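Note: hydrogens, waters and symmetry copies are ignored here, and every other heavy atom, side chains too, is used. Quick caveat: nothing in here was measured; it's all calculated off a predicted structure. Throughout, numbering of the chain's residues begins at 1 and tracks the sequence.
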Amino acid sequence: MLTDPSAKYRAFPQVDLPDRQWPSRVITAPPRWLSTDLRDGNQSLIDPMNAEKKTRFFDLLVKVGVKEIEVGFPSAGATEFDFIQDLVRSGRIPADVTPQVLTQARDDLIATTFESLRGAERAIVHVYNAISPAWRRIVFGMEQPEIKAIAVHAAKLLRDNAAKQPDTDWHFEYSPETFSTAELDFSLECCEAVIDILQPTPERPLILNLPATVEAATPNIYADQIEWFCRHISRRDSVVISLHTHNDRGTGVAAAELGMMAGADRVEGCLFGNGERTGNCDIVTVALNMYSQGINPGLDFSDIDEVIQTVEYCNQLPVHPRHPYGGELVFTAFSGSHQDAIKKGFAAQEARNDEIWDVPYLPIDPADLGRNYEAVIRVNSQSGKGGVAWVLQQDKGLKLPKRMQADFSKVVQSLADESSRELNAADIWIAFEDHYRLSGEQSYRLIDYHEGGAAGDRIFTGKIAYQGGERSISGRGNGLLSSVLAALRDEFGVDLDIADYSEHAIGAGTDVAAAAYVECRTSDGRTVFGIGTDTDVATASVQAVLSAANSVAAARA
């Protein structure tokens, strides 16, 4: 890299717009959406989609709710032409969906484009020509009047070809391609010339697409360009300003959002941002950004995993695990402090019973996109007690007391360090059962018990599996747990005092179970924990005490 990049690269010029209004505006309604997945997205694939994949993708876009779909580039070849003709003839296009096709500004290509749509009830034909200085000088070797003449000729061809097929409701789109790197006054001049030919009205507006064909400046400059253009174009009520941003600088979404604030009416892009080079504007992200601000985007991503599966199949490209909203890991926390905040956020949300979403680190409720909460918190060596507790709560319905969370998190931390990998719910449950002696070898296992006596003078009599056989034990105390502790002390020499006890229901309805937790002190001052679960809460509490006693026995061995 150069020590002085200014010797090779020029800073992009500012737009002279001292009274710009867009910074103080907010987005309050969704734009018209156009998907370019089947055209711009498709042409950027290593292996372009065949007819089966394009049909599957088209059906997905319809299901999501996209009403304008650029279905292809019919003059590019027989595959594109035949697919578009099949869409028209098959009746697959819903009445409220408008197909759009793209063509360069050439006589034969425009004629082929119109032929591909023969029989369509309604369609948009999109024509473009590049107008920026670099293209004029390097690619075409033309001056401004010659470039403008191409746009005028193309507009006449649109008008005349449409007149030959009057049964179709034709609409038109013109793109001064490379708009974002062209002179604003020349872009305006070309668009005004096209308007003069096509004579749009408020009832039948012309779509003017102002693309950032290659993103070359910060998104605020693109917004300035859009606001300048909206102020200066004639017949503003008869044109639809459309945005087509690319992501070369990584701000394609931001440019589209600021462009809407600057006055644009329509956004073009691809699902998850596929497209040439670094991709097109990601309309999933733009739509869900709106949703997170309380605006219905008019697109339905309530089963985002199905959308991802179809997109990945058709594009043969993965959606990155960190991709906004859709990525596998975007609602997942590994860090202990993040996990703790999310866990507390969910608890507070449930306690408030508040419809307004307010959970730390989660700008949108994963459930709104069809995601469950099980994967919100995942455990590795960076995780803390809150993350471990969350996994057990989601997977097993257990709500560990805080001190027990801290006790078990040390076990999980050690296991994660040893394995050097993420621990799944099964790993954590196996470690939990082993640490609290809920399975495998147990010194004391409850077979049956009976509680009797008067209030304040309870008698526990039980049958315990012990050393390969059964043993009857009994103890007296002022309650069930104290009488169990007395029996363990008298019969086995296990001396425990309860420092804390808690319980809660697992599940709801007729199948509800109970979980009981004890924190005990041993005679030598150590702390041990126990847990028990059963459909009967008293039985669960007895099992919790035996769980703690088993931990003491294991430590002695």
- Taking NZ, NE, NH1 and NH2 as the nitrogens, is one of them in Glu80 or Arg39 under 4.0 Å from a carboxylate oxygen of the other? no

- Cationic N near anionic O, under 4.0 Å, Lys164 to Glu115: no

- Is the NZ or CZ atom of Arg56 both under 6.0 Å from the centre of the six-membered ring of Tyr313 and within 45° of that ring's axis? yes

- Query: Is any NZ, NE, NH1 or NH2 atom of the basic residue among Arg204 and Asp169 found under 4.0 Å from an Asp or Glu carboxylate oxygen of the other?
  - Reply: yes

- Ring geometry between His232 and Trp228 (parallel below 30°, tilted from 30 to 60°, perpendicular above 60°): parallel

- Message: Could you check whether Glu306 pairs with Lys63 (Lys NZ or Arg NE/NH1/NH2 to Asp/Glu carboxylate O, under 4.0 Å)?
- Response: yes

- Message: Any carboxylate oxygen within less than 4.0 angstrom of a Lys/Arg side-chain nitrogen, looking at Glu52 and Lys54?
- Response: no

- Query: Does Asp59 come within less than 4.0 Å of Arg92, counting only side-chain N to carboxylate O?
  - Reply: yes

- Query: Do the charged groups of Asp19 and Arg231 touch, with an N to O distance under 4.0 Å?
  - Reply: yes

- Query: Will you find, in the side chains of Gln21 and Glu227, an N or O donor that is under 3.5 Å from an N or O acceptor?
  - Reply: no

- Message: Classify the ring geometry of Trp135 against Phe140: parallel below 30°, tilted from 30° to 60°, perpendicular beyond 60°.
- Response: tilted

- Item | Lys NZ or Arg CZ of Arg136 over Phe186 ring: under 6.0 Å, within 45° | yes

